[in-house]
Amino acid sequence: MAPLFTIRYQSLRSLLLVCDAFVLKFIQTPIWMIIYALPFLRPKRDWSLRRIIMAKYVQHMVFMSRMFGKVAISPDHRALAPEQKGSWVDPVPKELLVGRIKDMAATAGIEPIRLPSYWIDREGCDVAIGAPPRPGEKVVFHMHGGAYAFLSASPEDPTTHIGRGQMERCESIGRVFSIEFRATTTPNNEPVNPFPTQLIDALTGYYYLVQTVGFFPADIIVDGDSAGGNLALALTLYLLENQNREDVEFPAPPGKLLLLSPWCDLSPIHLTPGSSWTEFTHIDCLHAGYMQDYAEIFCGPFGLQEAEVNPYISPASTHPSLSVSFKGFPRTFILCGGSEAFRDQIRVLRDRMVRELGEENVTYYEPSDAIHDFLGMTWLEPERTNSWSEIGRWLDH
Ligand SMILES: *[C@@H]1O[C@H](CO)[C@@H](O)[C@H](O)[C@H]1NC(C)=O
């Protein structure tokens, strides 16, 4: 199991965070400043001292959750987050669970359930919850990252800047919607809700957007960062594979897909000497053993070997038995940090998508000095601003 220590009391958690902030500020940071003052000791020699230290901070946050699991507790699927624009969404009808996903849900004992959902309006607007779309209105359906175990769909979550950023750059986007898909660990770090729980929950959100709210699928932009990118891929794949069924009608796939540092191979296949996993281990926040732990929790009763061959879990796996097709996928933008551990698997994903969809339908952007899921890191400039410009252009196109 992932964390070494589990803290059950909120007061202890708060104390730990205060102590950690103190040590980080007054002990750890000065040590880093002394060591990395010498460029030849920096993990990347051409990086500024500030950039190295900020990257070390991000690594430290991940280190804390390796040690203690969930220290700061996020809202989860059991309740609506207080003081947020949200409502409960009914579970997706069971007829929409078909084929392999239906069987795997039965094996894992997973049923669709009612879930909290959230809306973010444009700055200065106040749209009623679930109001029908205005003519031509587009909506962002955001899937948050966090290794499927951390963070939340609530508008206070750090990843919601991704939806807000799209809204700022594209006038036809009226709102951002998100569904509180079930996490794979409890607040006390016990494993729960393995695959395909989150795919079923994403489907619940998508079905609601189309059937209840009334958005045309073509007006939906699905985005996801890191594990959220994995989920965005799985949802799109599932919708596409089940178009034109005779027994049950599936909503059409979304109009666009935005993938930010997507986790697209949960298996250890890409974890080899000389790969991006080993090359960026001193600067990127992703830790191989840690991510494998969360991949294993996600695979639940199916075991990590399922991640090698299941296209909904690892569409970029290079296992010879994996069969995946991106035929019919919407226009896709893929953002990848050129110095992130996932780089190799994301390039495999890009190559597969380009092969089937054509260059014009897949936009790929990889700033060489950026790390994992960097779009929210205000210190990672000019990479961040440049990436947003590329995304803005793609949204308008
Ligand atoms: C891009 O996608 C459109 C719509 O699916 C398709 O008609 C077109 O052929 C694709 N382009 C290439 C180069 O495959």
Side-chain angles (χ1 to χ4, degrees), residues 1-25 28 55-79 81 108 110 115-116 143-154 156-160 178 180-195 197-198 201 224-231 261 263 266-268 271 277 281 284-304 307 313 340-342 371-373 376-377:
M1 235 324 268
L4 282 180
F5 308 102
T6 285
I7 304 169
R8 293 188 188 274
Y9 302 101
Q10 192 52 48
S11 49
L12 275 184
R13 283 184 164 130
S14 309
L15 183 68
L16 176 71
L17 285 176
V18 171
C19 293
D20 178 59
F22 183 87
V23 171
L24 194 59
K25 185 163 178 186
Q28 188 67 74
K56 286 286 162 191
Y57 278 161
V58 180
Q59 274 194 333
H60 179 78
M61 277 159 48
V62 173
F63 170 78
M64 285 296 284
S65 77
R66 269 160 60 199
M67 295 297 283
F68 301 105
K70 294 182 183 181
V71 182
I73 300 296
S74 311
D76 64 29
H77 70 277
R78 295 170 302 170
I110 300 300
L115 294 166
M143 319 260 175
H144 69 85
Y148 279 118
F150 298 88
L151 302 179
S152 159
S154 145
E156 283 181 325
D157 188 85
T159 73
T160 48
S178 57
E180 193 73 276
F181 59 81
R182 288 167 274 181
T184 54
T185 61
T186 67
N188 287 326
N189 304 303
E190 287 122 12
V192 280
N193 306 321
F195 179 85
T197 309
Q198 296 74 22
D201 293 351
D225 63 303
S226 199
N230 186 275
L231 187 52
S261 294
W263 194 13
L266 273 60
S267 81
L271 223 168
W277 269 114
T281 182
D284 195 32
C285 56
L286 294 167
H287 180 274
Y290 184 63
M291 293 309 285
Q292 288 302 290
D293 283 344
Y294 281 98
E296 202 167 339
I297 291 171
F298 178 70
C299 291
F302 310 104
L304 192 54
I313 300 177
E340 73 166 289
F342 286 168
I371 58 175
H372 179 61
D373 214 349
M377 300 173 187

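All values below were derived from every heavy atom in this structure, side-chain atoms included, with hydrogens, water molecules and symmetry-related copies excluded. As the structure is a prediction and not an experimental result, all values here were calculated from the model.
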- [ ] To the nearest 0.5 angstrom, please state how far the CZ atom of Phe63 sits from the NZ atom of Lys56.
- [x] 12.0 Å
Open item on the list: For the CZ atom of Phe195 and the CD1 atom of Ile110, what is their distance to the nearest 0.5 Å?
Closed with: 11.0 Å
Task: Over all atoms of both residues, closest heavy-atom pair of Phe68 and Asn189 - done: O-ND2, 3.7 Å
Open item on the list: With rounding to the nearest 0.5 angstrom, report the CZ to CH2 distance, Phe298 to Trp263.
Closed with: 8.0 Å
- [ ] Identify the two heavy atoms, one from Val71 and one from Arg13, that lie closest to each other, and give their separation to 0.1 Å.
- [x] O-CD, 3.1 Å
Task: Met61 vs Cys285 side-chain heavy atoms within contact, under 4.5 Å - done: no
Task: Shortest non-hydrogen separation from Val192 to Ala183 and the atoms involved - done: CG2-O, 3.7 Å
Open item on the list: Tell me whether Asp76 contacts the main-chain N or O of Arg78 through its side chain, where contact means a donor paired with an acceptor under 3.5 Å.
Closed with: yes
Open item on the list: So does Leu115 get a backbone contact from the side chain of Arg182, meaning a donor-acceptor N/O pair under 3.5 Å?
Closed with: no
Task: Gln198 side chain near Asn230 side chain, heavy-atom distance below 4.5 Å - done: no
- [ ] Determine the interplanar angle of the Phe150 and Tyr290 rings, folded into 0 to 90°, and report it as parallel if under 30°, tilted if 30 to 60°, perpendicular if over 60°.
- [x] tilted
Open item on the list: Can a donor-acceptor pair be found, under 3.5 Å and without considering hydrogens, that links the side chain of Asp225 to the backbone of Asp373?
Closed with: no
Open item on the list: Looking at every heavy atom in both Ala341 and Trp277, which two are closest together, and how far apart are they?
Closed with: CB-CE3, 3.4 Å
Open item on the list: Checking the side chain of Gln59 only, and the main-chain atoms of Asp284 only, is there a donor and an acceptor separated by less than 3.5 Å?
Closed with: yes
Task: Any His287 side-chain heavy atom under 4.5 Å of Arg66 side chain - done: yes
Task: Residues, nucleotides or ligands: over 12 heavy atoms within 6.0 Å of Phe302 CZ - done: yes
TODO: Report yes if the side chains of His77 and Asp201 come closer than 4.5 Å at any heavy-atom pair, otherwise no.
DONE: no
- [ ] State which residue, out of Ser74, Ser152, Ser154, fulfils the side chain to side chain donor-acceptor pair (under 3.5 Å) condition with Glu180.
- [x] Ser152
Task: Test item: side-chain donor near acceptor, Tyr148 and Thr197, under 3.5 Å - done: no
- [ ] For Met291 and Ala147, work out which heavy atoms get closest and say how close.
- [x] CE-CB, 4.2 Å
- [ ] Specify the closest pair of heavy atoms between Pro194 and Ile297, including all atoms of both residues, with the distance to one decimal.
- [x] CB-O, 4.0 Å
Open item on the list: As an exercise, state the distance from CG of Leu24 to CG of Leu17, rounded to the nearest 0.5 Å.
Closed with: 11.5 Å
Open item on the list: Could you check whether any side-chain N or O of Lys70 sits under 3.5 Å from a backbone N or O of Thr185, counting only pairs where one atom can act as donor and the other as acceptor?
Closed with: yes
Open item on the list: Quick one: does any side-chain atom of Ser261 pair with a main-chain N or O of His372 as donor and acceptor, under 3.5 Å?
Closed with: no
- [ ] Check the side chains of Asp157 and Thr159 for a donor-acceptor pair under 3.5 angstrom, ignoring hydrogens and angles.
- [x] yes
Task: Pairwise distance CE(Met143) to CG(Leu231) - rounded to 0.5 angstrom - done: 5.0 Å
